[in-house]
2 protein chains.
Amino acid sequence: MKMKDTKGDILNAAERLFAARGPHATSLRQIISSAKVNLAAVHYHFGSKESLMQAVMSRRLVPLNAERLALLEEQERAHGRRVVPLAKVLTALVGPALRLSRNPKKGGVVFMQLLGRCFMEPDPKIQAMLDQQLQEVAGRFIPALQRAVPKLPEEDFFWRIHFLVGAMAHTMADAERLRTFSGGRCNPDDTEAMIDHLVNFLSAGFKAKSR
Amino acid sequence: MKMKDTKGDILNAAERLFAARGPHATSLRQIISSAKVNLAAVHYHFGSKESLMQAVMSRRLVPLNAERLALLEEQERAHGRRVVPLAKVLTALVGPALRLSRNPKKGGVVFMQLLGRCFMEPDPKIQAMLDQQLQEVAGRFIPALQRAVPKLPEEDFFWRIHFLVGAMAHTMADAERLRTFSGGRCNPDDTEAMIDHLVNFLSAGFKAKSR
DNA sequence: GCCTGATTCAAACGTACGTTTGAATGAAGG
DNA sequence: CCTTCATTCAAACGTACGTTTGAATCAGGC
């Protein structure tokens with residue numbers, strides 16, 4: 001009855017270390033030392049460091065993106081033929097990602113940080129992987145957002161999507177920094193407050209008059 | 001009359017490669033090969049890879065931050081005892097950084113990208129360096145921003161600073177991505193338009209009613 | 001009890017890294 | 001001309017990396 005879950009142990013250790021130091025700055029030897037498994041086990045189970053990274057991301061991203069799409073569909077169902085309000089769409093998009101920090105079974109704050117970092121990662125391999133994972137989400141959310149701000153010129157609209165991604169990624173990657181920076185006035189552990197602040201900020205930004 | 005500027009060549013090559021692949025993923029050998037200098041020259045002139053990185057950043061950041069402070073002071077002088085409007089403060093903060101891309105003598109889009117990446121860098125050494133370089137700017141701009149939105153509760157205020165940093169950093173690090181993502185509708189080469197879009201977005205976000 | 005296939009393991013592979021060394025080079029001063 | 005000092009250079013240092021290998025271990029089926 002050993003039941004040692006080598007594969008899962010590697011995934012968990014890799015997730016934690018990738019998030020803390022970045023994928024490039026994390027070595028396989030650090031991972032296997034933390035997971036207490038043999039070095040060759042990584043290549044046996046995953047094939048390469050790059051495939052391991054992909055597995056780390058997929059494990060969490062697939063359900064996360066499914067949740068985003070489900071929330072959006074729920075809103076669209078609830079609103080029938082009417083347009084889903086901007087704040088509802090934004091909440092369906094950023095809520096599941098930020099809420100990760102409240103769910104240790106899904107990686108908790110650790111994976112949230114890793115996901116935030118990946119948005120900023122220069123490595124084209126990681127970029128391609130992320131783009132692929134986000135393709136469906138983008139395809140569904142962009143039209144929904146556009147319907148929510150129908151009078152906004154397309155150029156403004158895409159700039160604001162860009163700012164949205166930046167604000168969201170930075171919040172995911174480094175919410176903890178805000179605690180000290182704000183002198184304790186902000187508490188990143190209060191996830192729902194964090195979501196409200198972000199959605200509130202983004203909503204106002206999206207609704208700004210174009211110039 | 002050789003006049004070869006080894007030190008400058010290294011700085012330029014390092015800046016370009018650090019920005020393109022990230023400091024951690026760039027090796028000294030890639031840098032010296034691009035700069036066409038000897039490997040030992042890096043340690044002769046800079047001492048270590050880390051010091052080189054610091055030199056790369058300081059060369060641009062010192063004048064950049066000076067420009068930010070000068071613009072802010074100019075606004076404060078122009079407005080006398082009245083409060084400097086939010087958009088003016090934001091422009092003084094993000095304008096000089098985004099305008100880098102128009103000034104090849106100051107590193108152009110290359111350094112802008114590197115600076116954006118550094119905000120997201122996990123490496124504590126880089127974080128400490130950035131914090132130190134930004135200390136004076138933060139100390140001057142935060143009160144100015146706070147005066148510009150005096151009715152905003154402090155908790156909201158600091159969250160929005162956080163979102164501001166994320167949107168700005170992402171815009172600096174990856175404005176080019178928006179060109180393809182928007183299907184050509186957005187043109188990151190038009191720096192002044194980029195600044196307007198960002199300031200417009202951030203202003204609306206900062207002015208949003210607290211909930 | 002042995003065979004089979006999946007898993008674990010210690011050891012080594014070749015490569016690339018940041019850094020150091022010590023000699024060669026080159027211009028300036030006496 | 002010789003010394004001096006800063007700079008450049010080729011070569012090597014030791015270390016760490018991702019990956020591969022082949023044998024050891026283990027479980028379950030016949």
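Here is how names work: the chains are called A, B, and so on, in the same order as the sequence lines, proteins then strands, and each is numbered from 1.
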Would you tabulate the nitrogen or oxygen pairs shorter than 3.5 Å linking the protein to nucleotides 5-7 of chain C?
residue, atom, partner, partner atom, Å
C/dT7, OP2, A/Tyr44, OH, 2.8
C/dT7, O5', A/Tyr44, OH, 3.2

Do any N or O atoms of the protein come closer than 3.5 Å to N or O atoms of nucleotides 19-21 of chain C, and which pairs are they?
residue, atom, partner, partner atom, Å
C/dT19, OP2, B/His43, NE2, 2.9
C/dT19, OP2, B/Lys49, N, 2.9
C/dT19, O5', B/His43, NE2, 3.3

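Residue B/Ser27 places no side-chain N or O under 4.0 Å from the OP1 or OP2 atom of C/dA16.
A/Gln113 pairs by the side-chain hydrogen bond (donor to acceptor under 3.5 Å, both in side chains) definition with nothing, not counting sequence neighbours. With sequence neighbours excluded, no residue forms a side-chain hydrogen bond (donor to acceptor under 3.5 Å, both in side chains) with B/Glu136. Legend: residues meeting ring-ring contact (aromatic ring centres under 6.0 Å, His included) with B/Phe141, ordered by chain and number and at least two apart, are absent. A/Asp174 is linked by a side-chain hydrogen bond (donor to acceptor under 3.5 Å, both in side chains) to A/Arg177, counting only residues two or more places apart in sequence or in another chain. The side-chain contact (heavy atoms from CB on, under 4.5 Å) search around A/Val109 returns A/Ser101, A/Met112, not counting sequence neighbours. For A/Ser27, there are no side-chain hydrogen bond (donor to acceptor under 3.5 Å, both in side chains) partners at least two apart in sequence or on another chain.
Atom CD1 of B/Ile32 is separated from atom C1' of D/dC9 by 11 Å (rounded to the nearest Å). Whole-Å rounding puts the B/Lys7 NZ to D/dT8 C1' distance at 15 Å.
Using modelled atom types and a 3.5 Å distance limit, the side chains of A/Glu155 and B/Ser182 yield no donor-acceptor pair.
Judged as a side chain to side chain donor-acceptor pair (under 3.5 Å), the pairs with a partner in residues 87-100 of chain B (not counting sequence neighbours) are, in order, B/Arg99-B/Glu192. Within the structure, every pair that satisfies the ring-ring contact (aromatic ring centres under 6.0 Å, His included) test and touches residues 176-206 of chain A, not counting sequence neighbours, is listed here: A/Phe181-B/Phe158, A/His197-B/Trp159, A/Phe201-B/Phe163.
Of the residues in residues 11-26 of chain B, not one comes within less than 4.0 Å of DNA chain D through any heavy atom.
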Could you tabulate the donor-acceptor pairs under 3.5 Å formed by side-chain atoms of residues 34-47 of chain A, not counting sequence neighbours?
residue, atom, partner, partner atom, Å
A/Ser34, OG, A/Arg16, NH2, 2.5
A/Asn38, OD1, A/Ala40, N, 2.8

